[in-house]
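Note that the numbering runs from 1 along the sequence shown for the chain.
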Amino acid sequence: MSRRIGTKLFVHRLCFYTTQEQLKKLFSPFGLVTQADLALDPITKRPKGFGFVSFKSEIEAEKALRAMNGRIVSGRLILVELANEK
């Protein structure tokens, strides 16, 4: 039985000035991004440096994971992992 990876990725170590639109644009070369969300501090409303990116298919998510994990973006080494589905 093949392993299902899912379509949602967890992206962390992002620059604190990254916007949701920039996050979506960063991952869009790998496929159709259905959702890009950044975690925001509830008090300051500023990004916390991590977020989630969802793709239309598992193949697109896997391509993005392989290409973007360990890449330097805005002077920071970002890490991309599979998101835990709850």
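Taking hydrophobic clusters as Ile, Leu, Val, Met, Phe, Trp and Tyr residues chained together by side-chain heavy-atom distances below 4.5 Å, L82 shares a cluster with V53.
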Step-by-step side-chain contact (heavy atoms from CB on, under 4.5 Å) determination, L38 to L23: CA-CA 8 Å; L38 288 171; L23 184 63; 3.8 Å; yes
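To the nearest 0.5 Å, atoms CG (N84) and NZ (K8) are separated by 10.0 Å. I59 CD1 to T7 OG1: the interatomic distance, rounded to the nearest 0.5 Å, is 12.0 Å.
Every pair tested for ring pair (Phe, Tyr, Trp, His ring centres under 6.0 Å) that includes a residue from residues 64-83 fails, sequence neighbours excluded, so the list is empty. Contacts classified as side chain to side chain donor-acceptor pair (under 3.5 Å) and involving residues 26-38 (residues at least two apart or in different chains) are given here: Q35-D37. Among pairs with a residue in residues 11-31, those fulfilling ring pair (Phe, Tyr, Trp, His ring centres under 6.0 Å) read F10-H12, at least two apart in sequence or across chains.
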Donor-acceptor contacts under 3.5 Å from residues 40-52 side chains, at least two apart:
| from | atom 1 | to | atom 2 | distance (Å) |
| --- | --- | --- | --- | --- |
| D41 | OD1 | I43 | N | 2.8 |
| D41 | OD1 | T44 | N | 2.9 |
| D41 | OD1 | T44 | OG1 | 3.4 |
| T44 | OG1 | R46 | N | 3.4 |
| K45 | NZ | P42 | O | 2.8 |

List the atom pairs, donor and acceptor, that lie under 3.5 Å between side-chain atoms in residues 64-77 and the rest of the protein, sequence neighbours left out.
| from | atom 1 | to | atom 2 | distance (Å) |
| --- | --- | --- | --- | --- |
| R66 | NE | E62 | OE2 | 3.3 |
| R66 | NH2 | E62 | OE2 | 2.5 |
| N69 | OD1 | V80 | N | 2.9 |
| R76 | NE | R13 | O | 3.0 |
| R76 | NE | L14 | O | 3.4 |

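When hydrophobic residues (I, L, V, M, F, W, Y) are linked wherever their side-chain heavy atoms come within less than 4.5 Å, L32 remains an isolated member.
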